[in-house]
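Below, chains carry the letters A, B, ... as their sequence lines are ordered, and counting in each starts from 1. Values reported hereafter were calculated over all heavy atoms of this structure, with side chains retained and with hydrogens, waters and symmetry mates removed.
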2 protein chains.
Amino acid sequence: MFELNSRDPRPIYEQIMEQLRKYLMTGVISENEKLPSVRELSQSLTINPNTIQRAYRELENQGYIYSIPGKGSFAASRADISDQRKAKILEEFETSSRELLFLGETAESLCKKIQSFEKDRKKM
Amino acid sequence: MFELNSRDPRPIYEQIMEQLRKYLMTGVISENEKLPSVRELSQSLTINPNTIQRAYRELENQGYIYSIPGKGSFAASRADISDQRKAKILEEFETSSRELLFLGETAESLCKKIQSFEKDRKKM
DNA sequence: TTAACTGTATTAAATGTGTTGATACAGTTA
DNA sequence: TAACTGTATCAACACATTTAATACAGTTAA
């Protein structure tokens with residue numbers, strides 16, 4: 001389910017966070033679904049449990065997952081994702097949009113891309 | 001002109017890169033305009049010249065600026081920005097757009113934002 | 001030509017972050 | 001009770017970032 005890319009310069013815990021977000025968005029993981037345990041995932045990826053723990057802790061802070069001691073970690077509902085996290089994504093959206101416009105992309109071409117992203121979502 | 005934010009967790013050289021890109025996009029710095037020299041900027045920011053040098057080196061690799069030994073560093077034209085850099089920005093745009101759609105934003109609301117960004121540009 | 005600028009390169013040391021490893025404690029479940 | 005869960009802590013190591021001190025070469029103006 002989870003995979004690591006040794007060429008990726010980002011920290012391992014960030015790679016895991018990104019993959020889990022992606023699985024949530026694409027429906028590979030559903031709301032309230034149980035995630036692999038810290039130890040289980042650390043064994044299957046051959047990395048230290050502390051690294052998984054860090055990824056899970058930050059994902060919980062951002063509202064993507066919730067953990068119950070003794071039971072496990074679970075995917076949260078998208079309504080639980082923190083406003084702080086949403087604000088950060090909006091900022092990335094604004095920054096990249098403005099730079100693409102600066103580079104010559106038109107508003108129309110960017111809007112078309114967004115509409116095609118939306119179509120991808122509806123296929124699920 | 002340039003400022004550092006000690007609360008910003010990003011490396012200093014990245015903060016400088018982001019500010020220069022922003023100044024280029026907003027027209028604060030024009031094409032072929034001379035930038036502060038490595039030593040000058042390092043003194044005004046009270047940081048090591050090597051850190052400025054690194055920011056300038058990477059900005060040059062991405063095509064945002066060009067340097068002439070003995071003369072100085074200058075803002076490049078937007079046409080010189082590397083395709084690799086453009087591809088990276090497009091990727092950030094796609095990632096943030098898809099996640100915002102997942103979080104409930106509509107394609108229409110995102111397109112409206114882009115159109116307002118475009119209006120901001122035309123005011124310059 | 002000299003002096004004072006420019007960019008660039010190199011090496012070493014200090015610091016912070018990411019990661020590992022080992023260990024421990026408490027709650028849950030069969 | 002045994003085997004799971006999450007969580008916490010500490011020490012050690014690797015690596016990236018930053019500083020510091022120099023050095024060299026091209027440009028420019030006095």
Side-chain angles (χ1 to χ4, degrees), chain A residues 1-21 29 31-76 80 88, chain B residues 1-20 24 29 31-76 80 88:
Chain A
M1 182 137 200
F2 289 86
E3 286 174 6
L4 293 182
N5 179 1
S6 54
R7 296 177 221 162
D8 195 323
R10 291 174 307 170
I12 295 174
Y13 76 92
E14 279 189 19
Q15 292 186 45
I16 294 172
M17 291 174 69
E18 192 211 2
Q19 282 187 47
L20 189 129
R21 280 194 296 259
I29 296 179
E31 291 185 4
N32 298 312
E33 184 174 332
K34 191 173 188 309
L35 303 173
S37 77
V38 171
R39 290 170 180 81
E40 191 182 336
L41 187 52
S42 79
Q43 281 175 22
S44 72
L45 294 180
T46 334
I47 61 173
N48 195 278
N50 291 342
T51 306
I52 306 292
Q53 192 186 337
R54 174 159 189 184
Y56 277 16
R57 188 200 315 139
E58 302 210 4
L59 283 168
E60 184 164 22
N61 287 338
Q62 295 179 348
Y64 289 95
I65 73 177
Y66 61 93
S67 296
I68 305 178
K71 298 195 73 172
S73 300
F74 306 85
D80 293 331
K88 191 183 175 189
Chain B
M1 181 137 200
F2 288 86
E3 285 173 7
L4 293 183
N5 180 359
S6 54
R7 294 177 221 163
D8 194 325
R10 291 174 306 170
I12 295 175
Y13 75 93
E14 278 188 20
Q15 292 186 45
I16 294 172
M17 290 175 70
E18 192 211 3
Q19 283 188 44
L20 191 130
L24 283 179
I29 296 178
E31 291 185 5
N32 298 313
E33 184 175 329
K34 191 175 188 307
L35 303 173
S37 76
V38 171
R39 290 170 181 81
E40 191 182 336
L41 187 52
S42 80
Q43 282 175 21
S44 70
L45 295 179
T46 333
I47 60 173
N48 196 278
N50 291 343
T51 305
I52 306 293
Q53 191 186 337
R54 174 159 187 185
Y56 277 16
R57 189 200 316 137
E58 302 209 5
L59 283 167
E60 184 165 20
N61 287 338
Q62 295 180 347
Y64 289 95
I65 72 176
Y66 60 93
S67 298
I68 306 178
K71 297 195 73 172
S73 300
F74 306 85
D80 293 332
K88 191 183 176 188

Nearest-nucleotide pick for B:I47, side chain only, options being C:dT6, D:dT19, D:dC10 | D:dT19

Look at all strands and tell whether A:E14 reaches a base, only sugar-phosphate, or nothing, counting heavy atoms closer than 4.0 Å.
-> nothing

Out of C:dT19, C:dT6, C:dT11, which has the shortest distance to the side chain of A:P11?
-> C:dT19

Side chain B:Q19, main chain B:E3, donor-acceptor under 3.5 Å | yes

At under 4.0 Å, does any side-chain N or O of B:T51 touch on OP1 or OP2 of D:dT18?
-> no

Checking C:dT20, D:dT7, D:dT19 against the side chain of A:Q53 (C-beta onward), the nearest is D:dT7

Nearest 0.5 Å, what's the CD1-CG distance between A:I65 and A:D80?
-> 12.0 Å

Ordered by number, residues from residues 63-72 of chain A within less than 4.0 Å of DNA chain C (heavy atoms) are A:P69, A:G70, A:K71

Has B:Y13 got a side-chain N or O lying under 4.0 Å from the OP1 or OP2 atom of D:dT18?
-> no

Near A:K34 NZ, under 6.0 Å, is it more than 12 heavy atoms from other residues, nucleotides or ligands?
-> yes

With heavy atoms under 4.0 Å as the rule, sort B:R54 into base, sugar-phosphate or nothing.
-> sugar-phosphate

Regarding the side chain of B:S73, the nearest nucleotide among C:dT20, C:dG7, C:dG18 is C:dG7

